[in-house]
Amino acid sequence: MAVGAEAVFGDSVITTKLDDAISWARESSMWPYVFGTACCAIEFMSAASSKFDISRFGAEVVRFSPRQADLMVVAGTISYKQAPVLKRIYDQMTEPKWVISMGACACSGGFYDNYTTLQGIDSIIPVDVYVAGCPPRPEALLDALLQIQAKQARNESIVKDRVNTDFKGRLDG
C-alpha cells in the first residue's frame with residue numbers, strides 16, 4: 001500500500017509557488033535607503049527610534065548603499081540640482097524596488113513653488129506611496145511601510161517590469 005507524502009512528512013513540509021515564497025520573505029525584510037534632505041529626515045529618525053520602532057515591521061536594516069536597498073524613502077525638499085542624483089541613486093537599486101515620497105516637499109514641492117525646487121519627485125522616479133504632512137508623523141511613515149508590504153505580498157513587482165519610462169528628458173528642460 002502506497003503511503004502519501006502528507007502521511008510521511010506531516011506538518012513539516014510546506015508546498016507553495018516560488019513567487020509566493022520570495023514575496024513572503026521580502027514582505028517583512030525591507031531594507032530602506034533614506035534620501036533625507038530636510039526636516040522629514042528627522043521624522044524618519046523618530047520612526048527608527050525605540051518609541052516607534054520601525055524594526056517591528058522588518059525595516060530596521062537601514063542601508064547606506066542603494067545597491068543593497070529595496071526601499072527608498074525620499075524625505076524632504078528636492079532641488080533641480082539634486083534631481084539627477086536622485087534618479088541615479090534610484091537606478092542603482094535592484095529590482096524589486098519601492099519608493100515612499102515622504103512629506104509635502106517630496107510629494108508636491110510643498111510651499112517652495114519656485115524655479116529651484118522640484119514640484120514632486122514623481123516627475124523623476126516612480127512613487128509607490130505618498131505620505132502627506134509637513135513633516136509627517138512617524139505613524140504615517142509606518143503606515144506607508146505597511147502599504148508597501150501589502151503590495152509586496154500581492155507579488156506586484158516580481159513579475160511586473162516597472163522600468164518603462166525614461167525620465168531623463170524631464171531633467172534637461
Side-chain angles (χ1 to χ4, degrees), residues 23 26-157 160 162-163 165 167 170-171:
S23 179
R26 286 181 176 159
E27 179 183 342
S28 293
S29 63
M30 302 297 258
W31 289 9
Y33 176 86
V34 182
F35 193 89
T37 61
C39 43
C40 289
I42 302 298
E43 289 302 312
F44 179 84
M45 289 183 226
S46 296
S49 71
S50 60
K51 181 175 181 178
F52 296 100
D53 195 17
I54 201 169
S55 63
R56 293 179 293 156
F57 305 101
E60 74 273 10
V61 185
V62 178
R63 308 314 299 173
F64 298 101
S65 169
R67 291 181 177 94
Q68 298 172 347
D70 55 1
L71 172 66
M72 177 184 278
V73 179
V74 181
T77 309
I78 305 297
S79 68
Y80 281 107
K81 279 189 164 187
Q82 292 171 321
V85 175
L86 177 64
K87 174 73 169 122
R88 184 173 202 171
I89 290 172
Y90 174 81
D91 289 341
Q92 291 175 355
M93 294 173 65
T94 59
E95 289 289 338
K97 52 189 166 184
W98 307 93
V99 176
I100 294 176
S101 179
M102 181 178 174
C105 293
C107 293
S108 65
F111 55 83
Y112 298 107
D113 188 9
N114 59 35
Y115 64 95
T116 62
T117 305
L118 190 65
Q119 301 300 301
I121 64 166
D122 54 1
S123 63
I124 303 301
I125 59 174
V127 174
D128 295 294
V129 178
Y130 297 89
V131 180
C134 183
R137 301 259 321 139
E139 296 94 335
L141 177 63
L142 297 177
D143 183 57
L145 179 62
L146 292 175
Q147 290 178 40
I148 295 286
Q149 288 177 339
K151 285 184 177 191
Q152 179 70 44
R154 291 191 303 261
N155 292 334
E156 286 188 2
S157 71
K160 186 172 109 179
R162 297 176 53 198
V163 185
T165 308
F167 293 102
R170 296 184 187 178
L171 297 175

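Side-chain atoms are counted along with the backbone in the values below, which use heavy atoms only and exclude waters and symmetry mates. Fair warning: this is a prediction, and the values are worked out from it, not measured in the lab.
- Across all non-hydrogen atoms, the minimal contact from V129 to A144 is CG1-CB, 3.6 Å.
- Taking OH of Y90 as the reference point, atom NZ of K97 lies at 4.5 Å (rounded to 0.5 Å).
- Checked against side-chain contact (heavy atoms from CB on, under 4.5 Å), R88 has the following partners two or more places apart in sequence or in another chain: Q92.
- With values rounded to the nearest 0.5 angstrom, L146 atom CG is found 12.0 Å from E139 atom CD.
- Here the straight-line distance linking atom OH of Y130 with atom CD of Q147 works out to 12.5 Å at 0.5 Å rounding.
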Which pairs would a plain distance check flag for residues 37-48, meaning a side-chain donor or acceptor within less than 3.5 Å of a matching protein atom at least two apart in sequence or in another chain?
from : atom 1 : to  : atom 2 : distance (Å)
T37  : OG1    : T77 : N      : 3.1
T37  : OG1    : T77 : O      : 2.7

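- Smallest separation of non-hydrogen atoms from T117 and G109: CG2-O, 4.2 Å.
- Contact between M102 and V73 at its shortest, heavy atoms only, is SD-CG1, 4.0 Å.
- M93 and L71 make their closest contact through CE-N, 3.7 Å (heavy atoms, listed as atom of the first residue, atom of the second, distance).
- At least one side-chain heavy atom of F35 sits less than 4.5 Å from a side-chain heavy atom of I78.
- To the nearest 0.5 Å, the span separating CG on N114 from OH on Y80 amounts to 9.0 Å.
- Side-chain contact between M30 and D70 is present, with at least one heavy-atom pair separated by less than 4.5 Å.
- To the nearest 0.5 Å, atom CD1 of residue I121 and atom OG of residue S108 are 11.0 Å apart.
- Of all heavy-atom pairs between M72 and L86, the closest is SD-CD1, 3.7 Å.
- Summarising the geometry, atom OH belonging to Y112 is positioned 12.0 Å from atom OG belonging to S79; distances are rounded to the nearest 0.5 Å.
- Formation of a donor-acceptor pair under 3.5 Å by the D128 side chain with backbone atoms of V99 is found in this model.
- Of all heavy-atom pairs spanning A140 and P136, the tightest one is CB-CB, 4.3 Å.
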